[in-house]
Each structure stands twice: as structure tokens, then as C-alpha cells.
Peer 1: 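Mind having a look at this structure? Questions to follow.
Scope of the values below: all heavy atoms of this structure, side chains included, with no hydrogens, waters or symmetry mates.
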Amino acid sequence: MSGPQPSGGCRGNWKNFANTQEEEDAFDYVKWRNQPKPTGVIGSVAHMVKGALGGGILGGHVAYMKAGIFIGIPFNIFFGLYMTYCLYILVISAQILYRRTRVTSMSYPDVGEAAMACFPNPNVAKYSKIFRYTIDAIICIDLFGACACYQIIIAKSIKQLVENTQRTPIEGLGPGYPNLRVYLACMILPIILICLITHLKWLAPFSIVANVIILFCIMLTVYYAFHFNPNFEKLVKVTKLYNFFEYVGMSVFSMSCSGVVIPIENNMKDPRKYPQVLMTGMSLIICCTFSVSFFGYVGFLQECESPITVNFPMTLFPKILKGGIAVMIYVTHALNYWVPFNLCFYYIKSRHDQNKILMWELIYRAIFVVMIGIVAIIFPNINALMGFLGTFCLSNMAFIWPNMIYLMTIWQRPGLGKYNWRLWKGIALISIGLFILVCGTVVNFNELLSVFR
């Protein structure tokens, strides 16, 4: 066998398969990695938490309101643990595939394609490219959809501050109070301008400030829970099954870091410590989402709105925080936009004159932002949009695909185990994901269409 393949971005160059376990074990992918600034355990945990706690966490209290606390609390923990395990086997599969393919690092689509390309049945392996394109497409829908959510968060925050009102309904409170869609339309140009930035290093420092502001939101949420409802009264215990699927989508959306786990592993100084990073990071993510969701619902009960800062009183410090959230989500939008745009532009740029590629990149950046803005204007229901992304995109990325990839990776080596127990376990976990995907997508898509009724 020849030397290692270049790191990442291989896009189908799976030629040097290891034929035996001894050949796999002989290849040390960590040794061949060339990371100028690898991260340790603490840094990796910080990146994981930062990758999960975006705008989604600001809507967790609405999810609890929809489901009731007897559903919200245990399923918050259940989905957190379910996601943790699925992401664990995704990274384990990636590390096996590094050795099997002699590629030192991969992206999520690389891992999916390599797992299927290495599968011993050629009737399955031949679909590896299609599987890759499917992963690419869902990642783009998820991250572009998250950008639409960010635009709605910014618009609602600005609308509340400009109109100086506690409530921010889509249709407006009356004459002189514009529809939320007007604010969304006015924001398209400023968002285009920040999304024209082509280098993340100019935006990265702002993400740290954004995390600090979200931390303030969590603390203020807990404070208002004890201030407005010190006895924890009038909490709904259980609601309808329909509401449960709304809850599932929003809950998964608020916790998922499925898009960042493999890049974080690729940049670790000691990738073998990744289980420690995953357990610590997901524990913090579950605690943070629980704090906002539970205490937000306790404090605001049936008046819960997304983002949670909209529920905060219209006094000086909360107003500053509302403005801070709008500014920081504005910057986070550009950071979030960078990944799916570059994924799409990889396939587009070959169709244009390479001497004018920067011009075409800027044009396409503007076009994609306008398209996202149109989606936000058509579907300004942020709760339904979060729920749809959680059930349609993240049920695949965080639940179904990790188990499929794991089964394809271990099918031949080390095998399915006695009585095929790994296969039956995988089928059970995939079935849960499929149930969430089908039922949750139908419910949340129906809620998206409710703006037309």
C-alpha cells in the first residue's frame, strides 16, 4: 500500500483500502496529520459547545410550553443522550475509516461516502457518491435554514426595540406597526454586506462575544423564572401528541452539534481523547438547553416567544441585551453562512472563468442571501422553522446517518457480533430517527404552512 492520502476534501478518492485489520492498525493517522494549531481537550469542548449553542437555544422555552414539563424534561435528557451516542459512533466510524482508507482527516460527507465505498457489497458501494451528495444537500438545507432563523431573530429583536412593545406578532399590533416581513425585507441588504466577507478570521472574535451574551441570557432567564413565578405555578404537565413533534424538532435543533464534531476531531492534538470531549461537551449543552427551556417556561408560561429575549421586560438592561443579541446573531449569521456557501460554491465555481472567480463568488454570496431572506419572509414562523430543521435535517445528520455509517464501517471488520447484536441495535436506533423524521417533518411543515391560513 502507498502512503497516506491528503487530508480532507478527498471527494471520492478512495483507492488505498486496507485489506486486513493488521494493515489498518499499522497506519497512524494522527502522526500524518499536519495541524499548525491543534486544540486540546478544553479547547475542543469549547468549540463543541459554541457550535451547538447558537440561535436555537433561544427558543427552547417555547418547546417546553408546547410539550409540557412531564414530556419536556425527560425527553430533553433522552434526546441529549441519544444524540451523544450517535455522534460518538459517527466519530468512531471516522477514525476507523482514516486507517482503512489511509486518509488522515475527513469531513462529514467524506466519512459518509468512504463508509459506503468501503462496504463489501458492490451493489451498495456504487451509491457512495449519491450518499455524499445527499449529505451535502441536507447540511446546506440545515445551515441555510438556520440562517433564515437568525434573520427572524434579528428582525423580531429590532421590531421590538423600534416599536417599544412587549409583543412582536407577525402581522403587527395595528396601524403604524409594520408586519415582521417588512423588517425582514429591510435586513437583506445589511446581511448581504456582512456575508460578502470571505475570511472567517475577521469574524471569529465576535463569536466569543456572542457566547458571552448567550450566557447572560441564560442567567437572566433563571432570574426571571424566580422573579415572575417563584412558586413554579401554572406549569402545564402534558399536552397533545401533535405538540410533542413540534417539541422534538425545536429540542433537537437547540442541541445539535452534528455538523462540527468531525471538524473538531480533525483538529485535536490527541483525537483518541474525543469521547472525553464529547461527553463533557454534550453534558454542558444539555444543561444549558435545559436551563433556558425549563426556567424560560417557568418565567413566561403561555406567553413564551422566540427568541427568549423578546419575553424579557422592556427596561434598560434587558433592552441592551436584546440589542446585543441582534448584533451578535447578525455576526453569527455570517459565520454560519460560510460553511454551506463554500460547500455549494465548490460545485458552482468550475462553471465560471477562474480569472474572475472572486467576482462570481461575491455575486453568488449575494444571491444566496437574497434566497434565504425570501424563505424567511415567506415562512416567518421561527418556531415551526426550527422544528422543521430539527426533524427533517438533524434527525438525518444526528440520528439516522451516524448509525448507517457505523454499520457499513464495521460490517466486515470487526463484524456485527454474536446474534448480529450490532445490526439489531443499529436498526432500533435508526427506527427512532425515522419515526422522528417522518412524523416530525409532517407536523412542523404543517405549522410552517399555517402562516397562510
Peer 1: Walk me through it: do Glu447 and Tyr242 pass the test side chain to side chain donor-acceptor pair (under 3.5 Å)?
Peer 2: CA-CA 11 Å; Glu447 286 300 302; Tyr242 183 92; 2.7 Å; yes

Peer 1: Mind listing the closest non-hydrogen atom pair of Gly296 and Thr221 along with its distance?
Peer 2: N-CG2, 3.3 Å

Peer 1: Can you measure from CD1 (Ile192) to CE (Met187) and round to the nearest 0.5 angstrom?
Peer 2: 11.5 Å

Peer 1: Rounded to the nearest 0.5 Å, what separates atom OG1 in Thr168 from atom CD in Glu163?
Peer 2: 8.5 Å

Peer 1: Parallel under 30°, tilted from 30 to 60°, perpendicular over 60°: which one fits the rings of Phe232 and Phe226?
Peer 2: tilted

Peer 1: Students often mix this up, so state it plainly: with edges at 30° and 60°, are the rings of Phe295 and Phe290 parallel, tilted or perpendicular?
Peer 2: perpendicular

Peer 1: Find out whether Tyr108 and Pro402 are in side-chain contact, i.e. whether some heavy atom of one side chain is under 4.5 Å from a heavy atom of the other.
Peer 2: yes

Peer 1: Does any part of the side chain of Ser395, heavy atoms only, come nearer than 4.5 Å to the side chain of Val252, both counted from C-beta?
Peer 2: no

Peer 1: Flag the pair Asp136 / Tyr347 as yes when at least one side-chain heavy-atom distance between them is below 4.5 Å, and no otherwise.
Peer 2: yes

Peer 1: Contact between Met250 and Phe253 at the side-chain level, heavy atoms closer than 4.5 Å - yes or no?
Peer 2: no

Peer 1: Could you walk me through whether Leu301 and Met65 pass the side-chain contact (heavy atoms from CB on, under 4.5 Å) test, one step at a time?
Peer 2: CA-CA 7 Å; Leu301 299 173; Met65 177 188 72; over 6 Å; no

Peer 1: When you measure from the side chain of Tyr297 to the backbone N and O of Val292, does any donor-acceptor pair fall under 3.5 Å?
Peer 2: no

Peer 1: How many angstroms lie between SG in Cys288 and CD1 in Ile218, if you round to the nearest 0.5 Å?
Peer 2: 4.0 Å

Peer 1: CH2 of Trp401 to CG of Leu394: how many Å apart, nearest 0.5 Å?
Peer 2: 10.0 Å

Peer 1: Would you say NZ of Lys269 has more than 12 non-hydrogen atoms from neighbouring residues, nucleotides or ligands within 6.0 angstrom?
Peer 2: no

Peer 1: Can a donor-acceptor pair be found, under 3.5 Å and without considering hydrogens, that links the side chain of Thr280 to the backbone of Val277?
Peer 2: no

Peer 1: I'd like to know whether the aromatic ring centres of Phe70 and Tyr64 sit less than 6.0 Å apart in this structure.
Peer 2: no

Peer 1: Could you report the tightest heavy-atom contact between Val49 and Gly281, atom names first, then the distance?
Peer 2: CG2-O, 3.9 Å

Peer 1: Can you name the closest pair of heavy atoms from Gly72 and Ala67 and give their distance?
Peer 2: N-CB, 4.4 Å

Peer 1: State, yes or no, whether a side-chain contact exists between Met282 and Cys257 at a heavy-atom distance under 4.5 Å.
Peer 2: yes

Peer 1: Under 4.0 Å between a side-chain nitrogen and a carboxylate oxygen: does that hold for Glu305 and Lys156?
Peer 2: yes

Peer 1: Would you compute the distance between atom OG of Ser258 and atom CG of Asp142 and round it to the nearest 0.5 angstrom?
Peer 2: 6.5 Å

Peer 1: Please confirm whether the backbone N or O of Ser251 pairs with a side-chain atom of Ser254, one donor and one acceptor, at under 3.5 Å?
Peer 2: yes

Peer 1: Please determine whether side-chain contact (heavy atoms from CB on, under 4.5 Å) holds for the pair Lys129 and Met116, giving the CA-CA distance in whole Å, both sets of side-chain angles, and the decisive distance to 0.1 Å.
Peer 2: CA-CA 9 Å; Lys129 272 289 184 185; Met116 191 165 283; over 6 Å; no

Peer 1: Return yes if some donor-acceptor pair links the side-chain N/O of Asn403 with the main-chain N/O of Phe399 below 3.5 Å, else return no.
Peer 2: yes

Peer 1: Where do Ile286 and Gly80 come nearest, in terms of heavy atoms and distance?
Peer 2: CD1-CA, 3.6 Å

Peer 1: Looking at OG1 of Thr239 and CD1 of Ile69, how far apart are the two atoms once the value is rounded to the nearest 0.5 Å?
Peer 2: 11.5 Å

Peer 1: Would you check if the side chain of Asn396 reaches a backbone N or O of Ile400 as a donor-acceptor pair within less than 3.5 Å?
Peer 2: no

Peer 1: Are the side chain of Ser293 and the backbone N or O of Thr289 linked by a donor-acceptor pair below 3.5 Å?
Peer 2: yes

Peer 1: Please answer whether the main-chain N or O of Met106 pairs with a side-chain N or O of Asn266 as donor and acceptor at a distance below 3.5 Å.
Peer 2: yes

Peer 1: Is there a donor-acceptor pair under 3.5 Å between the side chain of Asn444 and the backbone N or O of Thr391?
Peer 2: no

Peer 1: Name the atoms and distances for all side-chain donor-acceptor pairs under 3.5 Å in residues 359-376, with sequence neighbours left out.
Peer 2:
residue, atom, partner, partner atom, Å
Glu361, OE2, Arg365, NE, 3.1
Glu361, OE2, Arg365, NH2, 3.2
Tyr364, OH, His352, NE2, 2.8
Arg365, NH1, Cys195, O, 2.8

Peer 1: Give the C-alpha distance, both sets of side-chain angles, the deciding distance and a yes or no for side chain to side chain donor-acceptor pair (under 3.5 Å) between Asn164 and Lys319.
Peer 2: CA-CA 10 Å; Asn164 198 32; Lys319 279 186 176 181; 3.1 Å; yes

Peer 1: Any chance you could lay out the side-chain contact (heavy atoms from CB on, under 4.5 Å) test for Phe75 and Phe244, step after step, and finish with the verdict?
Peer 2: CA-CA 10 Å; Phe75 276 94; Phe244 169 74; 4.0 Å; yes

Peer 1: Are the side chain of Tyr247 and the backbone of Asn76 linked by a donor-acceptor contact shorter than 3.5 Å?
Peer 2: yes

Peer 1: Determine the sole option in Phe435, Phe445, Phe388 for which the ring-ring contact (aromatic ring centres under 6.0 Å, His included) test with Phe245 is passed.
Peer 2: Phe435

Peer 1: Looking at Phe341 versus Tyr337, is the centre-to-centre ring distance below 6.0 Å?
Peer 2: yes

Peer 1: With a sphere of 6.0 Å drawn around OH of Tyr85, does it hold more than 12 non-hydrogen atoms of other residues, nucleotides or ligands?
Peer 2: yes

Peer 1: Taking the side chain as everything from C-beta on, heavy atoms only, tell me whether Asn179 gets closer than 4.5 Å to Val182.
Peer 2: yes

Peer 1: Applying the side chain to side chain contact (heavy atoms under 4.5 Å, CB included) criterion to Cys149, which one of Leu385, Asn336, Ile154 satisfies it?
Peer 2: Leu385

Peer 1: Treating Lys322 as the side-chain partner and Thr309 as the backbone partner, does any N or O pair qualify as donor plus acceptor under 3.5 Å?
Peer 2: yes

Peer 1: Quick one: does Glu265's side chain get under 4.5 Å of Gln95's, heavy atoms only?
Peer 2: yes

Peer 1: Check whether more than 12 heavy atoms from other residues, nucleotides or ligands sit under 6.0 Å from atom CE of Met219, and answer yes or no.
Peer 2: yes

Peer 1: Hey, what's the ring geometry for Tyr82 with Phe79, parallel, tilted or perpendicular (30° and 60° as the breaks)?
Peer 2: tilted

Peer 1: A quick test of your reading: do over 12 heavy atoms of other residues, nucleotides or ligands sit less than 6.0 Å from OH of Tyr127?
Peer 2: no

Peer 1: Can you find a pair of side-chain heavy atoms, one from Phe312 and one from Leu321, that are under 4.5 Å apart?
Peer 2: yes

Peer 1: Can you give me the closest heavy-atom contact between Pro307 and His61, atom names plus distance?
Peer 2: C-CE1, 4.3 Å

Peer 1: So which atom in Asn311 and which in Glu303 form the shortest heavy-atom distance, rounded to 0.1 Å?
Peer 2: ND2-O, 2.8 Å

Peer 1: Apply side-chain contact (heavy atoms from CB on, under 4.5 Å) to Val111 and Ile262, showing your working.
Peer 2: CA-CA 9 Å; Val111 171; Ile262 293 178; 3.8 Å; yes

